[in-house]
Student: 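Before I ask anything, let me first share the structure, which is written out below as structure tokens.
Numbering of ligands and ligand atoms starts at 1, following listing order. These values consider heavy atoms only, across backbone and side chains, with no hydrogens, waters or symmetry-generated copies.
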Amino acid sequence: MERIEHRACFGGWQDVYRHESAALGCTMQFAIYLPPQAQDGPVPVLYWLSGLTCTEQNFITKAGAQRYAAEHGIAIVAPDTSPRGDEVADADGYDLGKGAGFYVNATQAPWAAHYRMYDYVADELPALVEANFPVTSMRAISGHSMGGHGALVVALRNPGRYRSVSAFSPIVAPAGVPWGEKAFSAYLGDDREAWTRFDASELVKSAAEKLPILIDQGEADEFLDTQLKPWLLKEAADAAGYPVYLRMQPGYDHSYYFIASFIGEHIAHHAVALRK
Ligand SMILES: N[C@@H](CCC(=O)N[C@@H](CSC=O)C(=O)NCC(=O)O)C(=O)O
């Protein structure tokens, strides 16, 4: 593992590392913010999963999260959104291939060779972070849009692994919207049963642990009615007795301006769970 960025930030450090990923079979980069409290002992970690077209850079440069992470003594790990490199398959368009890993384990050619983002974010990355940085095994997870979908799926499929989960503008029912149908058809093939294992609105129906889900969604989001449809998760969760707190935010769109406006509240929410 090699550190490729190191910047002082709110009394802590905003770093970026490059490493060889066994899960993905390629070189990856992830960002880690270490708050000032990490100099005195291990701190809990919030994993942040970004959306379509993002790298590890979008969240650390646009969300303004470091100020709140420093306040609450929480590290934040933000990985890239797909495998990378010349040998990795890609497609035309921003919603498939590089920058669009959808946090699944692909089973179909040519994607199966590298596209195992679920294993990477659920297993390999936390193990790497916990072995090499001053962090505890107390974890929270959040994300935006495709990354919100990833955060919900990873938390729902791994009971006991996370203390809290939240999302901004998540794709809550990927198996039934254009972004998800395109990605799941390519990565997982025609077996719709396999799709349900990566669909939060399906997973809440049989979740073993009912970790409360906090969601913020902009009412002026350009993808609200076509790709996001948060009410589908809310309806499925209500029917299953699963606690979902969906906050519709008037005037906000799908951008990082929205994330920056509420990231402080999300980090405070995670801090409460991580302190217990
Ligand atoms: N029209 C855009 C679509 C890409 C986009 O909006 N990406 C979002 C996430 S969307 C769901 O996962 C994003 O976070 N972009 C990066 C940013 O810094 O804003 C396009 O063509 O790029």
Side-chain angles (χ1 to χ4, degrees), residues 5 14 16 29-31 33 46-66 76-84 90-104 106 111 115 117-118 120-121 141-155 165-188 195 198-201 213 215-233 246 248-249 251-263 266:
E5 288 185 32
Q14 179 60 67
V16 176
Q29 291 181 188
F30 67 89
Y33 177 69
L46 169 64
Y47 290 85
W48 172 269
L49 305 183
S50 293
L52 292 164
T53 73
C54 290
T55 68
E56 81 290 345
Q57 291 290 327
N58 298 70
F59 181 73
I60 63 173
T61 56
K62 290 185 168 182
Q66 293 92 343
I76 303 182
V77 172
D80 201 347
T81 56
S82 75
R84 300 284 179 180
D90 202 0
D92 291 337
Y94 68 90
D95 51 2
L96 187 66
K98 291 178 188 174
F102 262 87
Y103 305 102
V104 302
W111 312 104
Y115 282 76
M117 286 299 290
Y118 176 81
Y120 180 65
V121 299
I141 191 163
S142 186
H144 172 230
S145 196
M146 175 184 75
H149 138 74
L152 298 178
V153 166
V154 169
V165 57
S166 75
F168 290 82
S169 338
I171 306 169
V172 299
V177 301
W179 275 341
E181 286 173 343
K182 179 176 177 180
F184 285 9
S185 299
Y187 298 147
L188 304 173
W195 296 22
F198 293 103
D199 186 309
S201 297
I213 295 173
I215 294 176
D216 272 312
Q217 172 63 58
E219 286 186 354
D221 188 320
E222 55 274 37
F223 300 116
L224 177 58
D225 293 328
T226 51
Q227 308 280 9
L228 307 176
K229 304 184 178 185
W231 51 87
L232 295 179
L233 176 64
L246 172 60
M248 298 301 295
Q249 304 289 3
Y252 289 91
D253 65 13
H254 199 64
S255 72
Y256 265 85
Y257 293 104
F258 173 48
I259 298 170
S261 302
F262 293 98
I263 193 67
H266 281 238

Student: Okay, side chain of Y187, backbone of G97: is any donor-acceptor separation there less than 3.5 Å?
Tutor: yes
Student: For ligand 1, which part of L52 has a heavy atom less than 4.0 Å away: the side chain, the backbone, both, or neither?
Tutor: both
Student: List ligand 1 atoms under 4.0 Å from H254, heavy atoms only on the residue side.
Tutor: 10 (S), 11 (C)
Student: Show the atoms of ligand 1 that are less than 4.0 angstrom away from any heavy atom in H144.
Tutor: 9 (C), 14 (O)
Student: What atoms of ligand 1 come closer than 4.0 angstrom to any heavy atom of T53?
Tutor: 4 (C), 7 (N), 15 (N), 16 (C), 22 (O)
Student: Below 4.0 angstrom from a heavy atom of K62, which ligand 1 atoms are there? Numbered from 1 as shown, please.
Tutor: 17 (C), 18 (O), 19 (O)
Student: Counting heavy atoms only, which of G93, S145, C54 is nearest atom 10 (S) of ligand 1?
Tutor: S145
Student: Give a yes or no answer on whether the side chain of Y33 reaches the backbone of A65 with a donor-acceptor pair at less than 3.5 Å.
Tutor: no
Student: I'd like to know whether the aromatic ring centres of F102 and F198 sit less than 6.0 Å apart in this structure.
Tutor: no
Student: Short check: is a protein heavy atom less than 4.0 Å from atom 1 (N) of ligand 1?
Tutor: no
Student: Output, in order, the C-alpha distance, side-chain angles, deciding distance and verdict of side-chain hydrogen bond (donor to acceptor under 3.5 Å, both in side chains) for S145 and S169.
Tutor: CA-CA 5 Å; S145 196; S169 338; over 6 Å; no
Student: Using only atom types and a distance under 3.5 Å, with no angle test, would you say the side chain of S142 pairs donor to acceptor with the backbone of S166?
Tutor: yes
Student: Starting from atom 3 (C) of ligand 1, what is the nearest protein heavy atom, named by residue and atom, and what distance separates them?
Tutor: Y94 CE1, 3.5 Å
Student: Donor-acceptor check, side chain of E5 to backbone of Q14, threshold 3.5 angstrom: yes or no?
Tutor: no
Student: Below 30° counts as parallel, above 60° as perpendicular, anything between as tilted: where do the rings of F184 and W195 land?
Tutor: perpendicular
Student: Relative to the heavy atoms of M146, which atoms of ligand 1 are at a distance of less than 4.0 Å?
Tutor: 11 (C), 12 (O)
Student: Checking W179 against Y94 for the side-chain hydrogen bond (donor to acceptor under 3.5 Å, both in side chains) test, could you report, in this order, the C-alpha distance in whole Å, the side-chain angles of both residues, the deciding distance, and whether it holds?
Tutor: CA-CA 10 Å; W179 275 341; Y94 68 90; 3.1 Å; yes
Student: Could you tell me, atom by atom, which parts of ligand 1 come under 4.0 Å of a heavy atom of N58?
Tutor: 16 (C), 17 (C), 18 (O)
Student: Provide, to 0.1 Å, the distance between atom 6 (O) of ligand 1 and the closest protein heavy atom, together with that atom's residue and name.
Tutor: F223 CE1, 4.0 Å
